[in-house]
Amino acid sequence: MKAVSGFSKMSKEEKISWLSSQLDGEAKKMVNQMPVYWHHDGAIQKRLDEFSENTLTNFDMPFGIAPNFLINGKTYSVPMVIEESSVVAAASLGAKFWYERGGFTTKVLSIKKVGQIHFLWQGKKEKLFNFFKDNKMDLLNSVKHLAQNMEQRGGGVLSFEIIDLTEKMENYFQLKLEFDTCNAMGANFINSILEEVSAVFKSKVNGEDSFTGSEKDLQVIMCILSNYTPECLVECSVQCPIEDLGTINGMAPRQFAERFAAAVRIAEVDTGRAVTHNKGIMNGIDSVVLATGNDFRAVEACAHAYAAKDGQYRSLSKVELTQDIFKFSLTVPLAVGTVGGLTTLHPLAKTSLAILEQPSSKELMQVIAAVGLAQNFGAVKSLVTTGIQKGHMKLHLLNVFNQLGATSVQIEKGKEYFSDKVVSFTAVRDYLELTKQLQ
Ligand code: MEV
């Protein structure tokens, strides 16, 4: 492919045509087909284009609903956007299973978001710390105008401290601010405050009489929110008497509970399993985060850092098994918003929030955690009983048929044929070949 200049200035049609001119055969054909995926409503398409840069078309993902989520006594139908088969089915089954056993109990433990100003300073640490103490209120007052609206909504800056990190890196200090951003994810709010505080801080240091030489030269390296928000935390659990679990996939309740608990403990002690275990949780979490227009990369990064908070990467969920009671719980940091950003701009994110009856960010954290736990329950339940492939491949079958270009008649007949057989890509391909030859 050739290098290009001025690509971003081209219209969408020109971009497609340039890209197509660089390709041959099937690839060229596919690129020329891209307008097929444009939204029929021009206004919506314009909005989608404006979310990102150099957009050519839209990338569709399925939007599904997992009904029957009983959370703290309220029933939700939860929107989920995910491309992987079985995830929505597992969430729905998990929701129904726990609906009949009292539902999910959730609690937001804290809602703190974090911002950091990273800077280098040469001089006596005590001098800098005293200077910070003397100027802390002034610095906070300097951003009052930016925090005003958030404060009116009940949020704002919660704490402001200076941290000495010179043991980790020469001359490295940090100003750390904690925020309550109410129903907003708050990235823009936090970053604007950080940049303003840092400019005022730098100029105050520069003008400080008691500082001399290099002490006056504070180097702000960067100001940015931290996506590690271990104190934006939600907890979610389900529990019931072991006998009430009933027979699960042919397994007696106590045997199931013990095998399930062993599987979760394995994910607590073995990182190899923990990553896959948590991936199952994130299947549920990400799909609601995406459906509601939130930042799934931030949620992912934070969840995994949190899973490794004690130095080893571990399961985010845990099981408590007493003589009679099975309790399964999840504690996870979730920095999400229900106002601002894509939540109101993306038409389907807006629809998702309407389906959830306009939750606050705290309520959304709880719904997302419940879906993560339901998902984890579904995956581990299959793993310790029938194995994952039985249910998974049945749903995957449709994807394989579609990949191989099967007709709807072939798919219907094929579903019947594979109802008692092991599904694999080769088996489906061979089946299609055979049926073609028989026609
Ligand atoms: C697949 O997307 C997720 C699982 O691997 C999760 C797990 O193993 O717990 C099934």
Side-chain angles (χ1 to χ4, degrees), residues 59-69 76-100 104 236 238 245 248-251 256 259-260 263-264 266-267 273-292 296 299-300 303 315-317 328 330 332 352 367-404 406 411-412 414-429 431:
F59 186 99
D60 294 333
M61 294 265 277
F63 180 116
I65 284 285
N68 303 318
F69 264 94
Y76 297 83
S77 288
V78 185
M80 298 175 75
V81 170
I82 186 150
E83 85 298 350
E84 184 177 333
S85 54
S86 301
V87 171
V88 177
S92 308
L93 285 173
K96 190 79 192 302
F97 183 92
W98 287 107
Y99 187 94
E100 287 152 8
F104 297 79
C236 171
V238 286
L245 288 168
I248 296 188
N249 296 342
M251 198 174 278
F256 168 78
R259 284 176 63 80
F260 191 100
V264 177
I266 288 169
R273 173 57 201 154
V275 173
T276 320
H277 180 94
N278 288 344
K279 190 272 183 184
I281 295 174
M282 299 316 286
N283 275 345
I285 289 183
D286 280 347
S287 52
V288 189
V289 170
L290 256 175
T292 54
F296 62 93
V299 166
E300 279 277 342
S315 160
L316 288 163
S317 61
F328 185 40
L330 169 70
V332 64
S352 293
V367 170
I368 295 173
V371 179
L373 190 66
Q375 201 63 46
N376 193 210
F377 179 77
V380 177
K381 174 167 103 60
S382 298
L383 287 168
V384 301
T385 56
T386 56
I388 206 76
Q389 286 308 84
K390 191 165 183 272
H392 203 78
M393 286 313 268
K394 290 282 176 284
L395 285 162
H396 184 59
L397 179 63
L398 190 60
N399 281 347
V400 180
F401 272 129
N402 284 333
Q403 267 172 42
L404 291 167
I411 293 175
E412 272 326 298
K415 276 188 189 165
E416 214 177 290
Y417 174 81
F418 278 102
S419 63
D420 58 355
K421 292 181 184 58
V422 176
V423 177
S424 74
F425 189 87
T426 320
V428 177
R429 193 186 49 205
Y431 166 79

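Quick note: numbers below take in every heavy atom, side chains included, and nothing from hydrogens, waters or symmetry partners.
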Task: Closest non-hydrogen atom pair, Gln403 against Phe425 - done: OE1-CE1, 3.2 Å
Task: Inter-residue atom distance Ser85.OG - Asn399.CG, 0.5 Å rounding - done: 5.0 Å
- [ ] Give the intermediate values and the outcome of side chain to side chain contact (heavy atoms under 4.5 Å, CB included) for residues His277 and Val264.
- [x] CA-CA 8 Å; His277 180 94; Val264 177; 4.1 Å; yes
Task: Tyr431 side chain near Lys421 side chain, heavy-atom distance below 4.5 Å - done: no
Open item on the list: Could you check whether atom CZ of Phe63 has more than 12 heavy atoms from other residues, nucleotides or ligands sitting under 6.0 Å from it?
Closed with: yes
TODO: For residues Ala66 and Ala91, report the shortest heavy-atom separation together with the two atoms involved.
DONE: CB-CB, 4.1 Å
Task: side chain to side chain contact (heavy atoms under 4.5 Å, CB included) involving Ala374 - partner list, sequence neighbours excluded - done: Phe69, Phe104
Open item on the list: Strictly distance-based, threshold 3.5 Å: is any side-chain N or O of Gln375 a donor or acceptor partner for the main-chain N or O of Ala90?
Closed with: no
Task: Asn249 CG to Ser382 OG distance, which is reported to the nearest 0.5 Å - done: 6.5 Å
Which pairs would a plain distance check flag for residues 279-291, meaning a side-chain donor or acceptor within less than 3.5 Å of a matching protein atom at least two apart in sequence or in another chain?
| from | atom 1 | to | atom 2 | distance (Å) |
| --- | --- | --- | --- | --- |
| Lys279 | NZ | Glu84 | OE1 | 2.8 |
| Lys279 | NZ | Asn283 | OD1 | 3.1 |
| Ser287 | OG | Asn283 | O | 2.9 |
| Ser287 | OG | Gly284 | O | 2.9 |

Open item on the list: Would you compute the distance between atom CZ of Arg259 and atom OG1 of Thr385 and round it to the nearest 0.5 angstrom?
Closed with: 8.0 Å
Task: Leu330 vs Asn376 side-chain heavy atoms within contact, under 4.5 Å - done: no
Open item on the list: Using the side chain to side chain contact (heavy atoms under 4.5 Å, CB included) criterion, which residues pair with Thr276? Sequence neighbours excluded.
Closed with: Arg273
Open item on the list: Which heavy atom of Ser77 sits nearest to which heavy atom of Ile65, and what is that distance?
Closed with: CB-CG2, 3.9 Å
Task: Results of ring-ring contact (aromatic ring centres under 6.0 Å, His included) for Phe296 - residues two or more places apart only - done: none
Task: Pairing residues for Leu397 by the side chain to side chain contact (heavy atoms under 4.5 Å, CB included) criterion, not counting sequence neighbours - done: Phe401, Lys415, Phe418, Val423, Val428
Open item on the list: Do Glu416 and Glu412 have side chains that approach each other closer than 4.5 Å (heavy atoms only, starting at C-beta)?
Closed with: no
- [ ] Looking only at non-hydrogen atoms, find the nearest pair between Val332 and Ala369 and report the distance.
- [x] CG1-CB, 4.4 Å
Task: Closest heavy-atom pair and its distance - Met61, Ile82 - done: CE-CA, 4.4 Å
- [ ] Taking the side chain as every heavy atom from C-beta outward, state whether Phe97 and Ile248 have any atom pair closer than 4.5 Å.
- [x] yes
- [ ] Anything under 30° is parallel, anything over 60° is perpendicular, the rest tilted; go ahead and classify Phe328 against Phe377.
- [x] tilted
Open item on the list: Please enumerate all residues that pass side chain to side chain contact (heavy atoms under 4.5 Å, CB included) together with Ala379, with sequence neighbours excluded.
Closed with: none
- [ ] Give the minimum heavy-atom separation between Ser424 and Ala427, together with the two atoms involved.
- [x] OG-N, 3.0 Å
Task: Chi angles and distances behind the side chain to side chain contact (heavy atoms under 4.5 Å, CB included) call for Asn402, Ile411 - done: CA-CA 8 Å; Asn402 284 333; Ile411 293 175; 3.6 Å; yes
